[in-house]
Amino acid sequence: NEVRVLKSQQMSTHTPEAIQDLIVDLLAKRLQLETKAISPDRVLAEYGIDSVMTMELLQVLENFLERSLDVTIIWRFPTPALLATHLAFH
(Lines give C-alpha, C1' and ligand atoms only; values in the text may rest on other atoms or scores of the structure.)
Protein backbone atom coordinates (compact mmCIF):
# COMPACT_ATOMS: atom_id res chain seq x y z
CA ASN A 1 0.00 0.00 0.00
CA GLU A 2 2.72 2.46 0.96
CA VAL A 3 4.61 1.76 -2.25
CA ARG A 4 1.48 2.23 -4.34
CA VAL A 5 0.75 5.60 -2.70
CA LEU A 6 4.35 6.73 -3.16
CA LYS A 7 4.34 5.76 -6.84
CA SER A 8 1.03 7.57 -7.31
CA GLN A 9 2.50 10.74 -5.79
CA GLN A 10 5.58 10.51 -7.98
CA MET A 11 3.46 10.22 -11.12
CA SER A 12 1.28 13.17 -10.15
CA THR A 13 1.67 16.44 -12.02
CA HIS A 14 1.35 18.17 -8.66
CA THR A 15 4.91 17.46 -7.61
CA PRO A 16 6.85 19.98 -5.54
CA GLU A 17 9.01 20.64 -8.59
CA ALA A 18 6.05 21.30 -10.90
CA ILE A 19 4.39 23.61 -8.38
CA GLN A 20 7.65 25.44 -7.70
CA ASP A 21 8.23 25.90 -11.43
CA LEU A 22 4.73 27.35 -11.76
CA ILE A 23 5.36 29.82 -8.93
CA VAL A 24 8.78 30.84 -10.27
CA ASP A 25 7.45 31.22 -13.83
CA LEU A 26 4.59 33.44 -12.70
CA LEU A 27 6.85 35.62 -10.56
CA ALA A 28 9.39 35.98 -13.34
CA LYS A 29 6.70 36.92 -15.83
CA ARG A 30 5.06 39.49 -13.56
CA LEU A 31 8.36 40.99 -12.40
CA GLN A 32 9.79 40.91 -15.92
CA LEU A 33 12.78 38.81 -14.87
CA GLU A 34 14.33 35.64 -16.17
CA THR A 35 13.25 32.55 -14.23
CA LYS A 36 16.83 31.97 -13.09
CA ALA A 37 16.65 35.33 -11.28
CA ILE A 38 13.94 33.96 -8.97
CA SER A 39 15.39 31.94 -6.09
CA PRO A 40 13.10 29.20 -4.75
CA ASP A 41 14.53 29.85 -1.28
CA ARG A 42 13.99 33.61 -1.23
CA VAL A 43 10.98 34.99 0.64
CA LEU A 44 8.28 36.05 -1.81
CA ALA A 45 7.82 39.40 -0.05
CA GLU A 46 11.44 40.27 -0.89
CA TYR A 47 10.42 40.40 -4.55
CA GLY A 48 8.01 43.20 -3.72
CA ILE A 49 4.86 41.33 -4.64
CA ASP A 50 1.71 43.23 -3.77
CA SER A 51 -1.76 42.03 -2.80
CA VAL A 52 -2.88 41.89 -6.43
CA MET A 53 0.04 39.65 -7.39
CA THR A 54 -0.55 37.53 -4.27
CA MET A 55 -4.17 36.95 -5.29
CA GLU A 56 -3.12 36.16 -8.85
CA LEU A 57 -0.59 33.61 -7.59
CA LEU A 58 -3.23 32.08 -5.36
CA GLN A 59 -5.70 31.83 -8.25
CA VAL A 60 -3.12 30.23 -10.54
CA LEU A 61 -2.25 27.69 -7.85
CA GLU A 62 -5.91 26.93 -7.16
CA ASN A 63 -6.55 26.34 -10.85
CA PHE A 64 -3.49 24.13 -11.19
CA LEU A 65 -4.24 22.11 -8.05
CA GLU A 66 -8.01 22.11 -8.65
CA ARG A 67 -8.78 23.04 -5.04
CA SER A 68 -9.35 26.11 -2.89
CA LEU A 69 -6.51 27.59 -0.90
CA ASP A 70 -6.47 29.94 2.07
CA VAL A 71 -4.82 33.25 1.22
CA THR A 72 -2.70 33.03 4.38
CA ILE A 73 -0.82 30.09 2.91
CA ILE A 74 1.40 32.54 1.03
CA TRP A 75 2.61 33.97 4.36
CA ARG A 76 2.77 30.67 6.25
CA PHE A 77 5.02 29.18 3.55
CA PRO A 78 6.87 32.30 2.37
CA THR A 79 9.26 30.91 -0.24
CA PRO A 80 8.47 29.18 -3.54
CA ALA A 81 10.19 26.01 -2.29
CA LEU A 82 8.32 25.87 1.04
CA LEU A 83 5.00 26.70 -0.56
CA ALA A 84 5.43 24.13 -3.33
CA THR A 85 6.42 21.36 -0.94
CA HIS A 86 3.49 22.08 1.36
CA LEU A 87 1.00 22.17 -1.52
CA ALA A 88 2.31 18.95 -3.05
CA PHE A 89 1.88 16.92 0.11
CA HIS A 90 -1.09 18.53 1.91
Side-chain angles (χ1 to χ4, degrees):
N1 256 353
E2 235 177 281
V3 173
R4 198 176 314 146
V5 170
L6 190 56
K7 283 185 179 183
S8 173
Q9 287 176 343
Q10 289 172 342
M11 292 172 26
S12 171
T13 60
H14 299 155
T15 64
E17 295 80 13
I19 297 168
Q20 181 176 294
D21 287 348
L22 181 67
I23 295 167
V24 168
D25 288 346
L26 177 66
L27 286 176
K29 182 179 176 185
R30 291 293 172 244
L31 298 171
Q32 299 179 344
L33 298 170
E34 292 185 30
T35 55
K36 65 183 177 183
I38 305 294
S39 171
D41 299 313
R42 187 172 175 194
V43 175
L44 292 167
E46 291 178 11
Y47 289 104
I49 65 170
D50 59 14
S51 59
V52 173
M53 193 181 301
T54 299
M55 293 309 294
E56 181 182 4
L57 176 59
L58 193 65
Q59 183 178 24
V60 167
L61 289 169
E62 286 179 338
N63 290 339
F64 180 72
L65 298 169
E66 300 176 328
R67 62 183 164 130
S68 296
L69 300 172
D70 187 321
V71 70
T72 62
I73 200 164
I74 304 290
W75 290 278
R76 289 186 289 138
F77 302 94
T79 69
L82 290 172
L83 183 57
T85 300
H86 174 77
L87 292 173
F89 297 110
H90 294 95

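Keep in mind it's a predicted model, so treat the numbers as computed, not measured.
Expressed to the nearest 0.5 Å, how far CG of Leu22 lies from CG of Leu57 amounts to 7.5 Å. The structure places CG of Leu26 at 12.5 Å from CG of Asp21, a figure rounded to the nearest 0.5 Å.
In terms of heavy atoms, Met53 sits closest to Arg30 at CE-CB, 3.7 Å. Across all their heavy atoms, Thr79 and Leu82 have their closest contact at OG1-N, 3.0 Å. Closest approach of Ala84 and Pro16 over heavy atoms only: CB-O, 3.3 Å.
At a threshold of 4.5 Å between non-hydrogen side-chain atoms, the residues Leu27 and Leu44 count as touching. Between Thr85 and Phe77, every side-chain heavy-atom pair lies at or beyond the 4.5 Å cut-off.
Counting only residues at least two apart or on different chains, the ring pair (Phe, Tyr, Trp, His ring centres under 6.0 Å) pairs with a member in residues 21-70 are His14-Phe64. A ring pair (Phe, Tyr, Trp, His ring centres under 6.0 Å) check over residues 17-37, counting only residues at least two apart or in different chains, returns nothing. Applying the salt bridge (charged side-chain N to carboxylate O under 4.0 Å, His left out) test to pairs two or more places apart or on separate chains, those with a residue in residues 44-54 are Arg42-Glu46.
A donor and an acceptor atom, one from each side chain of Asp70 and Thr72, are located under 3.5 Å apart.
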* How far apart are the C-alpha atoms of Leu83 and Ile74, what are their side-chain angles, what is the distance that settles it, and do they pass the side chain to side chain contact (heavy atoms under 4.5 Å, CB included) test? -> CA-CA 7 Å; Leu83 183 57; Ile74 304 290; 3.9 Å; yes
